[in-house]
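Computed from heavy atoms alone, side chains included, the values below leave out hydrogens, waters and symmetry copies. Proteins get letters first, then strands, A, B, ... in listed order; numbering begins at 1 in each.
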Amino acid sequence: MERKYNPIMIEEKWQKRWEEEKTFHVTEDADKEKYYLLEMFPYPSGKIHMGHVRNYTIGDVVARYKKMRGYNVLHPIGWDSFGMPAENAAIDHGVPPAEWTNENIDAMKKQLKRMGFSYDWDREISTCETDYYKWEQLFFLWMYKKGLAYKKGATVNWCPKCQTVLANEQVEAGLCWRCGAEVEEQYLEQWFLRITDYVEELLDYCDKLPGWPERVLTMQKNWIGKSYGCEIVFPMADSNDVIKVFTTRQDTIFGATFMLIAAEHPLVMELVRGKEREPEVREFVERIKKQDKMMRTADFYEKEGIFLDAYCLNPVTEKKMPIYAANFVLADYGTGCVMAVPTHDQRDFEFAKKYGLELIVVIQNPDNPLDPETMTKAYVDEGILINSGQFNGMENMKALDSIADYLSSIGRGQKTIEYRLRDWGISRQRYWGAPIPIIHCEKCGAVPVPEEDLPVILPGDVELTGEGGSPLVSVKSFVETTCPNCNGPAKRETDTMDTFVESSWYFDRFCSPHFDEKPGLDKKAVNYWMPVDQYIGGIEHAILHLLYSRFYTKVLRDFGVLNFDEPFTNLLTQGMVCKETERCKEHGYLYPEEVKDGKCVHCGLDVKIGKTEKMSKSLKNVVDPDYIIREYGSDTARIFCLFAAPPEKDLEWSDQGVEGAFRFLNRVWRIVMDYLDDIRDIEIFDGKADLDREMKNLRKKIHQTIKKVTIDIDERFHFNTAISAVMELVNTLYQVKHPDKRDAKGLAVVREAIENIIILLNPIIPHMTEELWEMIGEKRKLSGISWPSYDESVAAEEEITIAIQVNGKLRGRIQVSADESGENIKKLALNNERIQRFTGDKKVIKEIYVPGKLVNIVVK
RNA sequence: GCCUGGGUGGCGGAAUAGGUAGACGCAAGGGACUUAAAAUCCCUCGGUGCUUGACACCAUGAGAGUUCGAUUCUCUCCCCAGGCACCA
């Protein structure tokens, strides 16, 4: 009997069958418990990479497993299809973005299908289609009416050569990524979403998401950056005006000796207007404004400032404080003004030293008293307040509240809270995105497009050159329109939305992907499926995508569309796929196929193996999933990705590891082939008759394996240990002597082993297991089979090994029956000949018995 | 600088309500089969020492502590990865 494992044939056969039979199509079913499993949907770049393979394989195992556990599983896929690369392809090669995008989708869809993922393809969505983004435009209108979407001036990265706005990621070391021109700051009118309205709830729920990795929540908390402090009012020395500052260190207020204002703050020029210093200050401000971006990316930059020939008063000491404009103060955090306490803030200290400003110590170091004359750096630790009037002698941290209360009692301050999080700027001066549904009318101003006029369709016939700002500006048929208010001539908004907007609600759309009524989400379906039970994706989206999605969920909830607070109950952030880099002196980095026997195929020079890094085209350390599928099949690709590392860790690619995975699949295949004829007509062992020792052990192993695999997948997503457990069972089966054809009992146990191996591996290698299932003569469909349960009494060991320690050191082992009493085991341990060599004539102080594990004898 | 993770054989990784460290796989070595090779199947495989044993000692980044017992808990330090970074 020789039937070779032919993965390609088998895989294509079953993929076709699943597609024809719509095996993974689901609908809402009130009788079944739902399970919504989602992987982050891909950008259609043209080809899937190993990161996708890993991400989607992990998800697929869970989806298939949950289905076998009886859940009604929603497992959809779609395309995050707006974005820059499509536009760049158009600029570089003249292909229309829609065409480029759809071709890529077709190609990647084929690849995903070839991997055998259990998607409900009837729910496929593509965010660049009008039937998707028209709802997004509707939500925008609702947000606009509620004041959650607004327009304001803001500085952006501007490439003067390309005449366009660049996203932060498109600025490389201060230069435009495409043309290399120096990026400038420009002040532009931009659309924003008021995420800060939800900042407290977003922060609060960080402590109510137990299914999220701690580090993601920490990153989000840091990003939100809540700080408790005080707004303090500083009166001007010679007018009735005031300067307000935000500080978290009101305990140091008595040490504030000068005032700093962000260079670009309008107050700077106001203060020097008409003064002798005005031209000098203007020059300084202009210089700083230009340098700003460069300096912010530099590791270190010199503190610089300029005196504004103005003074304010310290609100508690009434001392005169000179006012400076400074480069290191941020204009858009707090009030843009900072009280400087040079003795207890390092930046202020450096500034004071440079410009010869006064130092007053207000927190005394208890171990080593400070002297302003000799200090070489600011003292930032805790201590006792001095030079602080009625607060002298208090611990500085404890004085925070009292000083805030005092400031408020004299009308010069109050407790406040500041956040690092800013409103979300969604304007892009780009073509390939969802148009913002606003019309600008000279008479009426910004007017929202009436809901019944949606969608505002992105025009198709646009020439993309990459120059001259937003491409939509020059499309007359798009821009020129009439005002919905006054019917006069008006112009459409030409900004499109950030692509993060699409991905902020796509998971809702998957629940009713073809729903054509307002608001594009069928409440019944969405509230049945949502929230997502398990979300899986890369750690690189830990902040932006996940925070925006949480924000959108709360906004849509407040519009009455959704009835839950958070979109993702459990989150798994899988690690990256890495591979060692290879380079040759002549030809630089090499693709794996450019290396043969350690030599470069171009020049024959020795290839140097470099660091293991995330697979990337620039380092050429990539493996093409198509190649792996062609050589080994997708089942091998799947099991390798799962076996090499637990999902949250980085996975190191290993060609030999892939070989090993393939070898294991062959091993499974062969053992089933070996038994095929003998077990085809056998029923699985019913547990009624007595078995010989070998078969009893095999059965024990079967049930132990079911138990371990169930726990590993269900509780921990540790597929690597689940697979190794099945490997052990397969190894055990290989060790068993092949029962005689007439030994029905023995063969029944073997059949039990084989059936369970197939079922346990099904979520991991679905194609091969379907094929084997059919071959062993099963009539039931494997895709409809339930997950096996195990019999605890069969899995139990009859004899257990007890380790014996003397003073905590392992000195021997004894075999006892599993129900042996603790007293007897202790006795056996003490009387053990080997053990007596170590206890000898010493006195036994105590014996510790850990049930089923060990005995520790303590002697002296 | 701050905040998260994480350091275990030649390698990927197992084992944590404290209880036999190294499961499983890769690589390596040996054996069987073969005219031969590949494939396959079986065995060995952390280090050191000798008295080759059911041996002893050393081993989970380093050092201390708690404990009968620590990869697991506590403290100090070192290294690596990721995030934030003049946020007042």
Side-chain angles (χ1 to χ4, degrees), chain A residues 213-223 225-227 229-230 245-250 252 256 260 262 295-296 298-301 303 326-330 332-341 344-348 350-351 380 418-421 539-540 542-543 573 575-576 639-640 643-646 648-661 663-664 666-667 670 708 718 720-728 730-731 734-735 801-813 832-834 837 845-860:
Chain A
E214 194 55 44
R215 62 175 176 152
V216 173
L217 294 170
T218 314
M219 277 157 83
Q220 295 217 344
K221 282 185 205 167
N222 288 343
W223 186 263
K226 182 177 186 174
S227 49
C230 209
V245 305
F246 171 76
T247 182
T248 55
R249 294 299 307 275
Q250 63 269 21
T252 62
L260 296 169
M295 292 212 262
R296 223 160 265 177
D299 288 348
F300 166 81
Y301 65 75
K303 281 141 199 66
N327 63 344
F328 66 94
V329 176
L330 300 173
D332 54 356
Y333 183 78
T335 63
C337 306
V338 176
M339 68 174 202
V341 184
H344 304 295
D345 181 286
Q346 185 58 25
R347 295 158 297 180
D348 299 347
E350 286 167 33
F351 194 87
V380 294
E418 271 295 325
Y419 302 92
R420 213 187 71 105
L421 181 74
I539 186 73
E540 65 271 22
I543 299 171
T573 48
M576 299 178 299
I639 202 168
F640 170 74
F643 183 64
E648 66 279 3
K649 277 182 87 165
D650 285 350
L651 179 149
E652 197 185 324
W653 190 265
S654 148
D655 292 331
Q656 284 161 336
V658 176
E659 287 281 349
R663 215 175 296 155
F664 170 66
N666 277 288
R667 215 167 134 77
R670 269 192 309 270
K708 173 143 180 68
H718 276 207
N720 56 336
T721 51
I723 293 166
S724 68
V726 181
M727 284 173 167
E728 284 187 51
V730 171
N731 289 347
Y734 264 89
Q735 301 287 329
T801 308
I802 300 289
I804 309 170
Q805 298 180 334
V806 178
N807 287 344
K809 275 197 166 163
L810 181 70
R811 294 300 181 190
R813 297 182 173 91
N832 186 286
E833 188 187 336
R834 268 176 60 74
R837 284 187 3 220
I845 295 171
K846 65 172 163 179
E847 302 144 62
I848 295 138
Y849 172 60
V850 182
K853 296 259 162 105
L854 59 73
V855 177
N856 187 11
I857 300 162
V858 186
V859 294
K860 206 170 178 181

Touch class at under 4.0 angstrom, heavy-atom based, for A/P646 against every strand present: sugar-phosphate

Rounded P spacing from B/rA14 to B/rU8 in Å: 12 Å

Base, sugar-phosphate or nothing for A/T218? Non-hydrogen atoms, less than 4.0 Å. sugar-phosphate

Give A/Y734 one of three labels, base, sugar-phosphate or nothing, depending on what nucleic acid heavy atoms sit under 4.0 Å from its own. sugar-phosphate

Could you tell me how far B/rC42 sits from B/rU52 if I compare only their P atoms? Round to whole Å. 33 Å

Taking the same atom, P, in B/rC45 and in B/rC55, what whole-Å distance lies between them? 13 Å

Compare the minimum distances between each of B/rG19, B/rG12, B/rC24 and the side chain of A/E652, then state the nucleotide with the smallest one. B/rG12

Does A/N856 use its side chain to pair, donor to acceptor, with the backbone of A/I848 at less than 3.5 Å? no

Categorize A/Q805 for me: base, sugar-phosphate, or nothing, with a 4.0 angstrom heavy-atom threshold over every strand shown. base

Looking at every strand, decide which applies to A/D348 at a 4.0 Å heavy-atom threshold: base, sugar-phosphate, or nothing. nothing

Please give the distance between the C1' atoms of B/rA81 and B/rG31 as a whole number of Å. 44 Å

Heavy atoms only, 4.0 Å cut-off, all strands: where does A/K221 land among base, sugar-phosphate and nothing? nothing

NA contact type, A/N666, heavy-atom cut-off 4.0 Å: base, sugar-phosphate, or nothing? nothing

Please classify the nucleic acid contact of A/R249 as base, sugar-phosphate, or nothing, using heavy-atom distances under 4.0 Å. sugar-phosphate

Under 3.5 Å: donor-acceptor pair, side chain of A/D345, backbone of A/A340: no

The side chain of A/F643 lies closest to which of these nucleotides: B/rA56, B/rC41, B/rG25? B/rG25

Side chains of A/F328 and A/F351: closer than 4.5 Å at any heavy-atom pair? yes

In terms of side-chain heavy atoms of A/K853, which of B/rG25, B/rA88, B/rG19 is nearest? B/rG19

When we call it a touch if two heavy atoms are under 4.0 Å apart, what does A/Q735 touch: a base, just sugar-phosphate, or nothing? sugar-phosphate

Taking OP1 and OP2 of B/rC87, is either one under 4.0 Å from a side-chain nitrogen or oxygen of A/R347? yes

Using atom P in both nucleotides, what's the gap between B/rA37 and B/rG30 to the nearest angstrom? 13 Å

Presence of A/R215 side-chain N/O under 4.0 Å of B/rA81 phosphate oxygens OP1/OP2: no

Between B/rG53 and B/rG49, how many Å separate the two C1' atoms, rounded to a whole number? 13 Å

Please report the distance separating the C1' of B/rC75 from the corresponding atom of B/rG22, rounded so that it comes out in whole Å. 28 Å

Within the 3.5 Å criterion, strictly below it, is a donor on A/N222 or A/R420 matched to an acceptor on the partner's side chain? no

How would you label the contact of A/G225 with the nucleic acid (heavy atoms, under 4.0 Å): base, sugar-phosphate, or nothing? nothing

Roughly how far apart, to the nearest Å, are B/rG13 and B/rC78 at atom P? 26 Å

Mate of B/rU44 where both pairing distances stay under 3.5 Å, Watson-Crick or G-U: B/rA28

With the side chain defined as heavy atoms from C-beta on, A/T801 is closest, among B/rU20, B/rA27, B/rA23, to B/rU20

Identify whether any heavy atom of A/N856 sits under 4.0 Å from a base atom; if not, whether one sits that close to sugar-phosphate; answer base, sugar-phosphate or nothing. base

